[in-house]
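Here the structure is laid out as structure tokens; the discussion comes afterwards.
Owing to the predicted nature of the structure, the values given are computational and were not obtained by experimental measurement.
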Amino acid sequence: MNHSVESDQSFTRDLTCGGSAWLLWYLPVALLVAGGTWQRGGSWLWTVAFTVMGAGCLANAARCRRTHCYATGPLFLLAAIWSLLSALGMVVLHPNMLSLVVVPIVVLAHLAEIPFGRYRQAKS
């Protein structure tokens with residue numbers, strides 16, 4: 001398959017390129033910010049936000065093979081589990097510490113698209 005045709009097909013299947021990006025990433029980021037300022041319910045907001053973002057990334061990895069989604073999908077789901085355990089009082093959640101782990105990994109995953117490409121190639 002022609003590389004440019006494959007790239008075009010991946011781009012059109014990329015969930016970040018349409019209105020779904022608002023529901024899957026922009027709104028959850030707003031929930032993360034709100035959760036960071038709300039001491040009592042913040043963990044619940046973070047659980048929802050990370051779950052939605054993680055599911056969106058895993059769907060995107062399957063749909064268009066977006067490179068960074070292979071790392072961020074599982075990362076966001078692990079962060080959702082940690083947030084849920086915190087909301088249930090089973091672990092302590094330090095939002096600053098979680099941010100110090102999640103944000104750099106997200107940045108590195110996005111930077112990985114520079115040498116590896118935005119979309120992974122399908123195996124022939």
Side-chain angles (χ1 to χ4, degrees):
M1 178 181 271
N2 184 326
H3 175 67
S4 63
V5 171
E6 185 171 316
S7 250
D8 290 344
Q9 289 173 345
S10 293
F11 179 79
T12 59
R13 295 179 58 87
D14 192 338
L15 294 171
T16 65
C17 298
S20 59
W22 284 96
L23 178 64
L24 295 173
W25 291 284
Y26 304 143
L27 179 60
V29 167
L31 290 177
L32 291 174
V33 172
T37 63
W38 185 22
Q39 188 174 1
R40 294 193 56 159
S43 294
W44 292 108
L45 287 180
W46 282 36
T47 300
V48 171
F50 280 128
T51 300
V52 170
M53 292 184 347
C57 283
L58 291 180
N60 220 25
R63 285 174 54 94
C64 69
R65 297 180 308 276
R66 183 75 188 249
T67 301
H68 78 258
C69 289
Y70 288 93
T72 55
L75 171 69
F76 291 148
L77 293 179
L78 287 172
I81 291 168
W82 192 267
S83 298
L84 176 62
L85 292 174
S86 172
L88 296 172
M90 299 173 74
V91 298
V92 176
L93 174 66
H94 296 288
N96 292 335
M97 186 57 72
L98 187 60
S99 297
L100 287 173
V101 171
V102 172
V103 171
I105 294 173
V106 169
V107 169
L108 288 172
H110 279 83
L111 289 174
E113 292 185 350
I114 295 170
F116 298 115
R118 181 173 284 180
Y119 304 104
R120 293 180 54 157
Q121 301 297 316
K123 296 193 185 215
S124 300

- Message: If you compare all heavy atoms of Pro115 against all heavy atoms of Ala112, which two are closest, and at what distance to 0.1 Å?
- Response: CD-O, 3.2 Å
- Task: Could you pull out all residues at least two apart from Ala21 that satisfy side-chain contact (heavy atoms from CB on, under 4.5 Å)?
- Result: Trp25, Tyr26
- Set of side-chain contact (heavy atoms from CB on, under 4.5 Å) partners for Leu85, sequence neighbours left out: Ile81, Met90, Val91
- Item | All pairs passing salt bridge (Lys or Arg N to Asp or Glu O under 4.0 Å) where residues 66-77 contributes a residue, at least two apart | Asp14-Arg66, Arg66-Glu113
- Task: Sequence neighbours left out, what pairs pass salt bridge (Lys or Arg N to Asp or Glu O under 4.0 Å) with at least one residue falling in residues 70-95?
- Result: none
- Item | Inter- and intrachain pairs under side-chain hydrogen bond (donor to acceptor under 3.5 Å, both in side chains), touching residues 27-36, at least two apart | none
- Query: Where is the tightest heavy-atom contact between Leu23 and Pro28, given as atom of each residue plus distance?
  - Reply: O-CD, 3.3 Å
Without placing hydrogens or testing angles, list every side-chain donor-acceptor pair under 3.5 Å for residues 98-111, not counting sequence neighbours.
from: Ser99; atom 1: OG; to: Pro95; atom 2: O; distance (Å): 2.9
from: His110; atom 1: ND1; to: Val106; atom 2: O; distance (Å): 2.9
from: His110; atom 1: NE2; to: His68; atom 2: NE2; distance (Å): 3.4

- Note on the structure: Sorted by chain and residue number, the side-chain contact (heavy atoms from CB on, under 4.5 Å) partners of Trp38 (sequence neighbours excluded) come out as Arg40, Leu45
- Message: If you define the side chain from C-beta out and look only at heavy atoms, does anything of Leu32 sit under 4.5 Å from Trp46?
- Response: yes
- Item | Sequence neighbours excluded, every pair satisfying ring-ring contact (aromatic ring centres under 6.0 Å, His included) that has a member inside residues 88-107 | none
- Query: If you look at every heavy atom in Thr47 and Thr51, which pair is closest and at what distance?
  - Reply: O-OG1, 2.7 Å
- Item | For Ser86, all residues meeting side-chain hydrogen bond (donor to acceptor under 3.5 Å, both in side chains), sequence neighbours excluded | Ser43
- Item | Hydrophobic cluster identity match, Val48 and Leu88, side-chain contacts under 4.5 Å | yes
- Note on the structure: Pro74 and Cys69 have their tightest heavy-atom pair at CD-O, 4.0 Å
- Residues sharing Leu58's hydrophobic cluster, by side-chain heavy-atom contacts under 4.5 Å among ILVMFWY, directly or via others? Leu77
- Over all heavy atoms of both residues, which pair between Leu24 and Met53 is shortest? Give the atoms and the distance, please. O-CG, 3.3 Å
- Message: For Phe50 versus Ser83, what's the shortest heavy-atom pair and its separation?
- Response: CD1-OG, 3.9 Å
- Interatomic distance, CG@Asn60 vs OH@Tyr119, rounded to 0.5 Å, equals 7.5 Å
